[in-house]
S.K.: 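After the structure tokens below, expect a handful of questions from me.
Since we're looking at a predicted model, the values are computed, not measured.
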Amino acid sequence: MSLNISLVLLLGIVLVVLIRGGSLKAGPVVVSVLFGFFLAGTSMAPEINRLVSSVADMIGQIRF
């Protein structure tokens with residue numbers, strides 16, 4: 001669960017930086033947020049969650 005909160009926080013920070021930098025305008029941001037919100041309610045949500053978790057686990061196993 002902490003991974004999800006951290007990922008949401010990280011994506012939120014990136015979104016704010018992109019908006020403030022002028023790379024994104026408010027319209028596309030609203031559309032993207034709504035798309036993600038409604039996508040989370042579909043049957044694809046568990047698969048997307050598993051994919052993100054798998055990638056995060058794979059990154060976590062990298063040793064430097």
S.K.: Enumerate the side chain to side chain donor-acceptor pair (under 3.5 Å) contacts for residues 24-48, please, sequence neighbours excluded, ordered by first and then second residue.
M.R.: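 Listed once each, the pairs are E47-R50.
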S.K.: Which distance, rounded to the nearest 0.5 Å, do you find between the CD1 of I48 and the OG of S53?
M.R.: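 Going from CD1 on I48 over to OG on S53, the span is 11.5 Å.
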S.K.: Compare every heavy atom of A45 with every heavy atom of A40, then report the nearest pair and how far apart it is.
M.R.: O-CB, 3.2 Å
S.K.: Under the rule for side-chain contact (heavy atoms from CB on, under 4.5 Å), what residues qualify as partners of V55, not counting sequence neighbours?
M.R.: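 In terms of side-chain contact (heavy atoms from CB on, under 4.5 Å), with neighbours along the sequence ignored, V55 is linked to L51, I59.
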S.K.: Just jot down the side-chain contact (heavy atoms from CB on, under 4.5 Å) partners of L15, sequence neighbours excluded, or say none.
M.R.: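 I19, L24, V29, V33.
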S.K.: Consider only side-chain heavy atoms of I, L, V, M, F, W and Y, link residues closer than 4.5 Å, and tell whether M44 and F35 are in one cluster.
M.R.: yes
S.K.: Show me the pairs that pass salt bridge (charged side-chain N to carboxylate O under 4.0 Å, His left out) and involve residues 35-46, at least two apart or across chains.
M.R.: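 Pairs touching residues 35-46 that pass the test: none.
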S.K.: According to a hydrophobic-cluster definition based on side-chain heavy atoms being under 4.5 Å apart (Ile, Leu, Val, Met, Phe, Trp, Tyr only), do L39 and L34 belong together?
M.R.: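 No, it is not one cluster - the side chains of L39 and L34 are not joined through contacts under 4.5 Å.
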S.K.: Tracing side-chain links under 4.5 Å among I, L, V, M, F, W and Y, which residues wind up in one group with F64?
M.R.: I62
